[in-house]
Structures are given as structure tokens and as C-alpha cells.
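Just below is one structure, and these are the notes that go with it.
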Amino acid sequence: MVLKVFFPSCCATAESGLLIGRWIPEQNSAVVLAVVHFPFIPGQVKQYLSEVQRVTQINMCVLGSWSNSKQEKEGVLDKFLEDLSTIFSHEPWIQLSKERDSKFWSCCIFQKYPSSPKEDEFILVYYDQRKVMLSQLHPTDSLTTSADHEGNDASKLGAVFDTVAKSKVLFMTDRYDDGPIKLTHWQSEGVEASIIVELMKQASVPVCMLLTFLLSLVSSVCKSRVMKFWPLSFIWSKLSTCEQLGHRLEHLQIISSNRKAQNQTQLMRKANIFVSLFIDMALGILLMSWLYRENRIGQLADTLIPVADHIAKELQDLLQWLMGVPAGLKMNRALDQVLGRFFLYHIHLWISYIHLMSPFIEMILWYVGLSACLGLTVALSILSDIIALLTFHIYCFYVYGARLYCLKIYGLSSLWRLFRGKKWNVLRQRVDSCSYDLDQLFIGTLLFTILLFLLPTAALYYLVFTLLRLLVVVVQGLIHLLVDLIDSLPLYSVILRLCRSYRLAASVKFRVLEQKPGKPLRLLMQINPLSYGSVVQTYRLTTYACYPKDSWSSLCKKLFVGELIYPWKHKGEKQD
């Protein structure tokens, strides 16, 4: 039988006493948590262990005895250590001792009813108690999808980590306590505490209560019936700024909630949200300070009108080029002139609107700059909405061209089925055979000819304005990607992986310290941290998606048949 003993490295220099911890019979291993020093009263030790077991819900017991031969005289405690196995009836009884003037340890086991006549083999595993207690073991894919014995090893390590993590109450006692029991563990020199941290915890309670009340008030206003009426509901659902504000409101409610985190995942999620909000607001304040320094708001307002005029002039020149002979192509003269003048009139209306708003642009930008104090993501969302408003005429051009082109495509496809004696069955959603008379075929031939000769003109306008629309969509998509990156990146977990990598454990590795025949094998357990990619994938925060995610094939299909790409629809809504 191979007996594994997980021994805390901080107890290697402890005085002689009792080994207390947990015995795991399924794994035939013992997890030592602390050493009780001599002298002690056995009844008080049993009472203390029962109290710890009631709080931690762990089967805590006396595993055996520990003898430090460097501090004790040889042969003094031998008889006493043997008698302890009769007082604390644990099966098996482990006796560890450090040999004098030697780096090897001796380990023996006492059993009243030995299960095997063979000599027992011992593996002594040292572990850093503080790191194991604070770490969270994450099962990796290699452990869960490989061979069965590897999965069993992961469950064994999980039991060891879980035992140490749940024994925090045991580590609250140190050598300076006046109690009858003296322990040695990783905090035995004094409980780690900070007066500043404790004061901040006490001061944060009324602040969180006030913030919770204000957030609940704002949330109730947002969910009221007033926000469900048409103008407000339309604005709230279409603007990226409103979506981002609602997303950050949910994050603030999670942070200020007085509900305690149930597990490590919820705790890490709260910490990631808090750090993300803090960094987001810090970047927003830096942006706001940069905008209001050296009158950059005024310079931006003075630049905006000339840029809008330049874009309008370029569009007018483009339309004049399309109304002529673009690239040597001969278009339908009548349809070309009608479409060109229609779009030129829209540009004229847009220029008039921009010049009408020019006296108020600097004031609008001044108030928009103040919104950066709510976070960089809010400022980027406002920038995306401003780009959408400034390019609304391009969006209108694209919609007009796409609808006209789509009408011609579907008309030609329907008339092509007429020539083949077929029609589209709307009820059954399939193509059925149909017989047409001479008049229907004649009118269908005329319409097919008209639509076919008008298609190149409509397709050219659709192609040009689709490219302009795609350019705007790419710019807005990059902004939304940056917003989603800031919202979803688990910054706290990444910082924790950088500074304290042992807190995010993926697996462990064992290093051989000493190996000698007749002596227990001594190993050192070290923690392998998660990779940065696994950290981001495991603790990535959920975000909202402004646009539905289409595949490349569906996107090309929409472009070919003239369907609208990335309309002002949100994820989860039905598309036209």
C-alpha cells in the first residue's frame, strides 16, 4: 500500500506535537493542516477539532504525531508518541520524525488491523499552504478529455485544494493567542490584517447601500411604462449609447449588491466588473481632461463643418460622374437623371441641415465631452451614434439603391419562372407548375425586357452606395469591437495572473527532493498557473451585441440580392 502524506512546508521546523488534518480513504492519502504543540490536554484538542469540523464541514481529526529530533532529545518522546495512538483512535496512525543531523525523515504507520501484509510505502509531498489555500484549481481540457487516470488525478488534487481552502477557520489561531492549544501553520506567526482595509470595508457598507438605492431608483424609472412608448423606446433600442448605459447600470447593480458571492466564479466576476468599471472611468476622465485642455472642443467644432461640406461636395461630384458616362458605361438616360437628381436633392437638404445646426455644434460637443466621465466606452458609443447621424444621408442613399435593386432582382426572378411555366407558392413555400395564357406571357415579356435593361443603371447606383455604406459600417464596427473589448476583458484576472499566478491554478507539478532506499520519497508540489488565453476565455465578461453576426456566405447573399446589411436591428430581433 502506498500512503501519500501532504505536509505543509511551513511546519517543517515546528516543535513536536500532533498532526491534525483530513484523512481521504478513497485516495489513501492524508492532508496535514497544522501541528498542535506539546503540552496539551487531549480532551481540549478533541473539543477544538469538533468545533472546527462543525464550521468547516470537513472531517477533521488527529492523523498522527510529529517529532522534531533537532529540538528534542532522542528517546524522550518515543514512549509518549506511541501512547498517543491509543488516546486518539485514528486508523492508520502516522508518525513522522525529522532525524538528527540528516536531511531525511522517517515515517512509520501503526494499524491495529493491517489490510496488507506487505510493507507500506510512503510518499511525502510538501506544499505551500498559503498558495494552495488562496488558489483556485481550474480543470484544463487535457485533464478532462484525456485518459481516465488523468481525470482521477485531477479529482484527487481538487480534494486536496478543497480541504485546505475550507480550513480558513483553523488558520485564524496563532501562537500569540491565550488559548490552551498552540498551533503551527502558515499564519502561526500572526494573523495577517490591515487596519486600512478593515476601515475601508466598514466605510463601504453605507456607500454601497446608498448606491444600491439610487441604482434601484434609476432601474425602476428605466423599466417604467413611460420608457415603453414609441419615441423613447425607439431611441433606447437604436442608439448604442443607451445600450451601453444600460449595460453599465447592470454592472453597477452587481457590484453594489449586498448579496455575498456563492463561489469563486461569482467573486471573480464581481472583481472583474469592478476593475473594468474603474479603468473605464479612469480612461474616460483622461479623455475628458484632454478634450477640455487648450480649447480642443472649439477646434473640433470648427473642423467638423468644413469636413461635412467636403464630404457633401465629394458626393455631388460622384453623382455628377454617375449621371454622365461612368467608366465608359452607357446607362439608361432617363432613369440615370431621375436617380441623380433625387440624390442631389437629398445632399442639398443635408447641407442645409448641417449649416442650420452649426451655431449649436460647439455647445453640443461640450456637453458630449462631459459624458466621458461615465467611462471611455460611453464616449465611444456616443462617437458611434454621432457617426451614424452624420452619415444618415449615405444610409438613405444605400436604402434607396438597395430597395430599387432588390425590386428588380426579385421581379426578374419571378418573371423568369413565368417563362418556364412555374410560380412561387406562398402558402407552401415552394415552386409549383402553372399554366399561363397568351396575354400574361406577353405582359410578362414586356416587363422582363424593361427590368432587364434598367438593371445595369440601378445596379451601378446600388454598388456605389453599398461600398460607401460598408465603409461606414467598418468604422462603426471597429468602435464597437473596442467597446466590447473593454467591457468583456477580465482585467482583474489578467492582473492576478501577472502578479500572483498561483491564484489561478491549472494543474500541479512535482519535483523530487530526496529519494533513498528505505526512506520516504520526498516531493515538492508546485502550482502551474493558467495561461493568459485560458484566463481570458474562462473569466470573459458577457457583453451586448449591437448587430447580428452574419456569416460570410449570408452576407454575400444579402449583397447579391440587395437585402439590407446591418440595419438598425439588434441581436435577437427578427430581421426583414
Side-chain angles (χ1 to χ4, degrees), residues 315-349 392-470 473 548 550-569 573-576:
L315 285 175
Q316 287 177 344
D317 294 340
L318 178 62
L319 288 173
Q320 293 292 342
W321 178 70
L322 291 176
M323 291 171 65
V325 186
L329 299 176
K330 185 178 181 180
M331 302 288 102
N332 185 276
R333 183 68 178 174
L335 182 60
D336 195 9
Q337 293 295 320
V338 170
L339 292 178
R341 292 176 182 177
F342 177 75
F343 291 135
L344 285 174
Y345 179 69
H346 275 69
I347 294 177
H348 175 71
L349 291 178
F392 185 71
H393 55 306
I394 296 178
Y395 179 76
C396 292
F397 295 165
Y398 164 71
V399 172
Y400 299 151
R403 290 306 184 192
L404 182 61
Y405 175 77
C406 182
L407 177 63
K408 294 182 180 300
I409 290 294
Y410 280 100
L412 288 173
S413 63
S414 179
L415 293 173
W416 178 250
R417 286 193 293 268
L418 183 142
F419 293 154
R420 295 183 297 150
K422 298 181 181 296
K423 72 172 184 178
W424 174 254
N425 193 330
V426 181
L427 296 179
R428 298 188 178 182
Q429 295 293 309
R430 68 182 186 184
V431 178
D432 295 335
S433 299
C434 181
S435 59
Y436 297 98
D437 55 17
L438 186 60
D439 294 338
Q440 291 175 333
L441 292 175
F442 177 72
I443 295 176
T445 304
L446 291 179
L447 293 177
F448 184 84
T449 306
I450 294 172
L451 292 178
L452 182 62
F453 283 104
L454 293 180
L455 181 62
T457 304
L460 182 61
Y461 277 88
Y462 168 70
L463 176 62
V464 171
F465 292 126
T466 299
L467 294 177
L468 293 177
R469 175 61 182 164
L470 286 176
V473 166
D550 293 326
S551 61
W552 286 104
S553 59
S554 62
L555 179 61
C556 294
K557 180 182 177 182
K558 286 183 178 182
L559 289 174
F560 180 76
V561 299
E563 294 183 7
L564 296 181
I565 57 169
Y566 300 123
W568 282 2
K569 295 280 187 181
E573 294 186 7
K574 186 178 180 181
Q575 298 296 306
D576 294 336

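Judged by distance alone, with hydrogens and angles left aside, the side-chain atoms of Tyr436 form a donor-acceptor pair with the main-chain N or O of Lys422 at under 3.5 Å.
Residues in residues 429-445 take part in these salt bridge (charged side-chain N to carboxylate O under 4.0 Å, His left out) pairs, two or more places apart or across chains: Arg430-Asp432.
Atom CG in Asp336 sits 6.0 Å away from atom OG1 in Thr457 (nearest 0.5 Å). Here Leu564 contributes atom CG and Thr466 contributes atom OG1; the two are 9.5 Å apart, rounded to the nearest 0.5 Å. Taken from CG in Leu451 to CG in Leu412, the straight-line distance is 5.0 Å, to the nearest 0.5 Å. Rounded to the nearest 0.5 Å, atoms OG (Ser435) and NZ (Lys423) are 9.0 Å apart. Here the straight-line distance linking atom CG of Asn332 with atom CD of Gln337 works out to 10.5 Å at 0.5 Å rounding. Separating the OG1 atom in Thr445 from the CG atom in Leu452 is a distance of 12.0 Å, to the nearest 0.5 Å.
With sequence neighbours left out, the side-chain contact (heavy atoms from CB on, under 4.5 Å) criterion links Leu468 to Leu315, Leu318, Ile394, Phe465. Phe453 is linked by a side-chain contact (heavy atoms from CB on, under 4.5 Å) to Thr449, counting only residues two or more places apart in sequence or in another chain.
In this structure, the side chains of Arg341 and Met323 come closer than 4.5 Å at one or more pairs of heavy atoms.
Across every non-hydrogen atom of Leu559 and Tyr462, the tightest pair is O-OH, 2.7 Å. Across Gly340 and Leu319, no two heavy atoms sit closer than the pair O-CD1, 4.4 Å. Considering every non-hydrogen atom in both Val561 and Tyr405, the closest pair reads C-CE2, 4.0 Å. Closest heavy-atom contact between Leu460 and Met331: CD2-SD, 3.7 Å. Nearest heavy atoms, Cys406 versus Gly562: CB-O, 3.7 Å.
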Given the rule in the side chain to side chain contact (heavy atoms under 4.5 Å, CB included) test, do Ile347 and Phe343 qualify, once you have shown the distances and angles that lead to the verdict? CA-CA 6 Å; Ile347 294 177; Phe343 291 135; 5.5 Å; no
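The aromatic rings of His393 and Phe397 lie perpendicular to each other, with more than 60° between the two planes, well past the 30° mark. Aromatic ring pairs are classed by plane angle as parallel below 30°, tilted from 30° to 60° and perpendicular above 60°; the pair Tyr398 and Tyr395 is tilted.
The distance between the ring centers of Tyr400 and Phe342 falls below 6.0 angstrom.
Heavy-atom neighbours of Trp424 CH2 from other residues, nucleotides or ligands within 6.0 Å: above the threshold of 12.
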